[in-house]
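The structure presented is a predicted model; accordingly, all values stated were derived computationally and were not measured.
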Amino acid sequence: MSFQPNPGDEVVINDIAYTIGQHPAAPGLAYAQAGRQGIVYQLIPRTGTIHGAKALKVFFPKFRIPAMVYQSEHMEPYSELPGLRVCKREVLTPERNGALIGEHPDLLYAVLMPWVQGLTWFDVISDQKQLTAEESLQLARALAGTGSAMEQRGLAHCDMSAPNVMIPFFSEVQNSALTSAVELVDVEQMYGSKMDRPDALLAGSPGYAAHRTVHSGLWSSYADRFAGAVIIAEMLCWSDPFIVEKAWGESYFDQHEMQTMSERYFAMRGSLENRWGSKLSDLFIRAWESHDLSSCPTFGEWYIALAAVDTGQAEAALAASEEDVTGSSETDVVAVPKDSYTSTSMKQDTEVGKTSNSKQSPDQEAVVNRLFLQARALEDEDKPAAALEVYRSLYHFIPHNSAMQLEVEAAIKELDAKINSKTESLEPVAVPFYRSKKFMISSAVLIVLLAGGVPTVKILADQAEVKQQEATRLAAAKAAQDAAAAKLKQEEAEKQKAAEAAKQEADAKKKLAEAKQKEKETKKQEEERKALQAKYEKQAKYEAYLAKQEQQKKEAARKALQAKYDQQAKYEAYIAWKKENDARIAKEKAAAEAKRKQELAQKEALKKRRAQNVVTLIASYNKAYNAQKGRKTDNALAYARDFKNLYNTDASYFKGVGKVAARMSAINKFLSNSKYSLPDL
């Protein structure tokens, strides 16, 4: 029967009684975890505690391989290494566990090993569980230490991924002091000089497999380097809330982003640079840009770099980023606040590009174009502040002296002028002399004096004439002065107007040139976009072709494996038939031998009986002969009839024995004629 246990069921393995553990999140169900090769059940010793729990891995039919016994024997010495406790394994074989396997055939070649408490790295990523800087560094160092110890012995896990990295560090059950902060599980594909190459090789897990090797199986001493670099980088960056929020899902990277200049790559690279230093960032870049697994950094290099850093820089960078977010005004529109690390990394790339006059990669150009189009869209939506922020961020990593840089500069100036423009205050207008307050008061006084009476006029006539002449002279002088000032002001206004007209004409020419340049650049961008789109379509077709080839390979491998299983089944059926046929032949031989012995016994008994009958016949004949001689005819006839009756029971035999046939002939004659004298035979 199949192995489908319930919580509390008892299983006896190697004379030790275990009970099936209950799932902590699903009462009433067995504590089981499904993987690609089988299902792992938790076993708790009947007389022990949870610290002595074991894991029973029941493989799916295609992975029940007898060579697992040999492989496990060679794995056991490595269980002393940190992070490889599950290498201490016992394989259930027909010789040692025949009764249990007979009851549950699914347990054939199942593996019993230590149960590792805690979460998987997959759980940490899926739940977006943010770590502290201290936890990030401790986990990364533990994984680098485990990988370094394995590399020194020529070992590789060959399927290092988030589900296969356990974190006892986060276990609710108190672990022993010997437990590593990380533990590797699913070690059936492990590479080693004494290990047998698996029949079906895994190509790595999505989000951790290098795309340049994903279409071929992983089984070498370098197999863990790329995946290990990605997981170490994830562990270091998982104390950064921006990186946690940008995660793709079950892993930080989508498989299609592997080894491409994607937005998530720049974000992780920038986070490593800002929070942990350039050494760790350089190691990650080496792994990401590697063309084969052997050129990736070793785990020893990671371990040395991790040993030289502390959490101070990471905590300071996190505090600074939190202050930046807190200190930003709520009214300001920030275009991409969560991409600060992306911008930082791309700024660094641009500065390098300016000094070396190197061209940007197509992926970097795609990111720049995306941000440029985003700024233009914000500008079209009448959001000048947001557009200005994106333009300013974009300006720092555009190639120096490029057409796009000139266009971005013009856009920044235009938006800045639009936002900061203020209403110019009106200049005061000069008041004519005849409308001045002083002139009007003087005129009113003069009118009052004139209306006072003729005597007064006569008395003051001479004085008034003199004053009038003086006033006329002063008015003429003032008028001449005002005219000169007005002429001067008019000339200044005409000069200013001419300068403004010249400036407007220059601006118009500049805008026209910028428009032409912008049109030219837009056309160039459209051509580049089409070329990039064609490249992506070609890449997509190529990837589809590779996927199809991979599918065909998998199908061929599956058919070959199925044929192997069919052949194995036929062979096992033949063995069963041969065993049954041999038993039947042996049984028939035994029956034949018994029959032969029985026939021999019967022949021997018949021989003895015939010999006895011959003696009896001779005795009967002699009695008949003697009775006839003694003239006792009746007795002689009785003896003669006894002779004849006994003779007829086996006449064919008695006929060829001595003179028995002659005696019978004489008896027949005597019985037919009692006067016949029996001869003495």
- [ ] Using a 4.5 Å cut-off on heavy atoms from C-beta on, say whether the side chain of Gln22 contacts that of Leu29.
- [x] no
- request: Verify whether the ring centers belonging to Tyr41 and Phe3 lie closer than 6.0 Å.
  value: yes
Tightest non-hydrogen contact, residues Ala209 and Met258, listed as O-CG, 3.6 Å
Flag the pair Asp186 / Gln37 as yes when at least one side-chain heavy-atom distance between them is below 4.5 Å, and no otherwise.
-> no
query = Taking atom CD of Gln568 as the centre, does the number of heavy atoms from other residues, nucleotides or ligands within less than 6.0 Å exceed 12?
reply = yes
Around atom CD of Glu555, are there more than 12 heavy atoms from other residues, nucleotides or ligands closer than 6.0 Å? yes
Which of Arg584, Lys578, Lys579 passes salt bridge (charged side-chain N to carboxylate O under 4.0 Å, His left out) with Asp582? Answer is Lys578
Exercise. Is the closest side-chain heavy-atom distance between Leu100 and Ile13 below 4.5 Å?
Worked result: yes
Give the intermediate values and the outcome of side chain to side chain donor-acceptor pair (under 3.5 Å) for residues Ser295 and Asp292. CA-CA 6 Å; Ser295 59; Asp292 54 65; 3.3 Å; yes
Criterion side-chain contact (heavy atoms from CB on, under 4.5 Å) on Thr649 and Phe654, from CA distance to verdict: CA-CA 9 Å; Thr649 59; Phe654 294 138; 4.2 Å; yes
In short, Ala55 meets Val40 closest at the heavy-atom pair CB-CG1, 3.6 Å
Counting N and O atoms only, with roles assigned by atom type, does the side chain of His74 sit under 3.5 Å from a partner on the main chain of Gly192, one being a donor and the other an acceptor?
no
- Task: I would like to know whether Tyr191 and Arg197 meet side-chain contact (heavy atoms from CB on, under 4.5 Å); could you show each step before the answer?
- Result: CA-CA 8 Å; Tyr191 171 85; Arg197 181 185 178 91; over 6 Å; no
Q | Main-chain N/O of Glu301 paired to Thr298 side chain as donor or acceptor, under 3.5 Å | A | yes
| task | For the pair Ser72 and Glu76, evaluate side chain to side chain donor-acceptor pair (under 3.5 Å) and give the outcome as yes or no after the intermediate values. | result | CA-CA 6 Å; Ser72 297; Glu76 186 168 356; over 6 Å; no
Between Tyr252 and Ala247 the two heavy atoms that sit nearest each other are CD1-CA, 3.7 Å
| query | Donor-acceptor pair, Asn635 side chain versus Ala627 backbone, under 3.5 Å? | reply | no
More than 12 heavy atoms of other groups within 6.0 Å of Arg631 CZ | no
Practice task
Verify side chain to side chain donor-acceptor pair (under 3.5 Å) between Asp123 and Thr120, making sure each step is shown before the conclusion.
Solution key: CA-CA 5 Å; Asp123 297 329; Thr120 64; 3.0 Å; yes
Taking the side chain as everything from C-beta on, heavy atoms only, tell me whether Val182 gets closer than 4.5 Å to Ile167. yes
All heavy atoms of Pro679 vs all of Ala666, minimum pair found to be CD-CB, 3.7 Å
| message | I'd like to know whether OH of Tyr70 has more than 12 heavy-atom contacts from other residues, nucleotides or ligands below 6.0 angstrom. | response | yes
CD (Gln552) and NZ (Lys548) are apart, to the nearest 0.5 Å, by 5.5 Å
Below 4.5 Å, heavy atoms only, C-beta onward: do Glu188 and Phe63 meet side chain to side chain? no
query: Is it the case that more than 12 heavy atoms not belonging to Phe253 sit under 6.0 Å from its CZ atom?
result: yes
Where the side chain of Gln628 meets the backbone of Leu678, is there a donor-acceptor pair that is under 3.5 Å apart? yes
* To do: Report the C-alpha distance between Trp248 and Gln255 in whole Å, list the side-chain angles of each, state the deciding distance to 0.1 Å, and finish with yes or no for side chain to side chain donor-acceptor pair (under 3.5 Å).
  => CA-CA 10 Å; Trp248 175 74; Gln255 180 58 33; over 6 Å; no
Say whether, by atom type as modelled, one donor and one acceptor occur between the side chain of Ser148 and the main chain of Ala144 under 3.5 angstrom.
no
Checking salt bridge (charged side-chain N to carboxylate O under 4.0 Å, His left out) for the pair Glu593/Arg596: CA distance, chi angles, key distance, verdict?
-> CA-CA 5 Å; Glu593 181 66 19; Arg596 186 183 66 80; 2.4 Å; yes
The reported gap from OH in Tyr545 to CD in Glu550 (rounded to nearest 0.5 angstrom) is 12.0 Å
Open item on the list: Whether the side chain of Glu151 engages the backbone of Ala156 through a donor-acceptor N/O pair (distance < 3.5 Å, no angle test) should be reported.
Closed with: no
For Val58 and Ala110, the nearest pair of non-hydrogen atoms, with its separation, is CA-CB, 4.3 Å
One should read off an interatomic distance between Leu600 CG and Lys595 NZ, to the nearest 0.5 angstrom, of 12.5 Å
When you measure from the side chain of His104 to the backbone of Asp106, do you find a donor-acceptor pair of N or O atoms at a distance under 3.5 Å?
no
The reported gap from CE in Met150 to CG in Leu184 (rounded to nearest 0.5 angstrom) is 6.0 Å
Problem - Check against side-chain contact (heavy atoms from CB on, under 4.5 Å), Asn97 and Leu107 - result: CA-CA 9 Å; Asn97 313 97; Leu107 297 182; over 6 Å; no
The reported gap from CG in Leu108 to OG1 in Thr93 (rounded to nearest 0.5 angstrom) is 9.0 Å
Between Asn622 and Ile618, is there a donor-acceptor pair closer than 3.5 Å when you use the side chain of the first and the backbone of the second?
yes
- Message: Between Ser665 and Ala662 (side chain of the first, backbone of the second, donor and acceptor by atom type, cut-off under 3.5 Å), is there such a pair?
- Response: no
Is there a donor-acceptor pair under 3.5 Å between the side chain of Arg225 and the backbone N or O of Ser294?
yes
Report task. Establish, for the pair Arg610 and Tyr653, whether the NZ or CZ atom is under 6.0 angstrom from the six-membered ring centre and no further than 45 degrees off its axis. Result -> yes
- Given side chains that start at C-beta, do those of Val111 and Phe59 come closer than 4.5 Å, heavy atoms only? yes
For a quick check under 3.5 Å, do Thr19 and Asp9 share a side-chain donor-acceptor pair by atom type? no
Distance col, row Ser251:OG vs Ile231:CD1, nearest 0.5 angstrom, shows 10.0 Å
Heavy-atom closest pair (Val116 atom, Pro168 atom, distance to 0.1 Å) is CG1-CG, 3.8 Å
* To do: Measure up the Tyr31 and His23 rings against each other and bin them: parallel (under 30°), tilted (30 to 60°), perpendicular (over 60°).
  => tilted
### Task
Mind telling me whether Tyr625 and Tyr621 have parallel, tilted or perpendicular rings, with 30° and 60° as the class edges?
parallel
Under the criterion side-chain contact (heavy atoms from CB on, under 4.5 Å), I'd like the reasoning laid out for Asn668 against Lys644: C-alpha separation, chi angles, the key distance, then a yes or no. CA-CA 8 Å; Asn668 285 332; Lys644 184 177 181 179; 3.7 Å; yes
Is any side-chain heavy atom of Leu637 closer than 4.5 Å to one of Phe670? yes
Residue pair Tyr78 / Val187, side-chain heavy-atom distance below 4.5 Å: no
Do Tyr18 and Gln42 have side-chain N/O donor and acceptor atoms under 3.5 Å apart?
no
Aromatic plane relationship, Tyr647 with Phe643 - under 30° parallel, 30 to 60° tilted, over 60° perpendicular
parallel
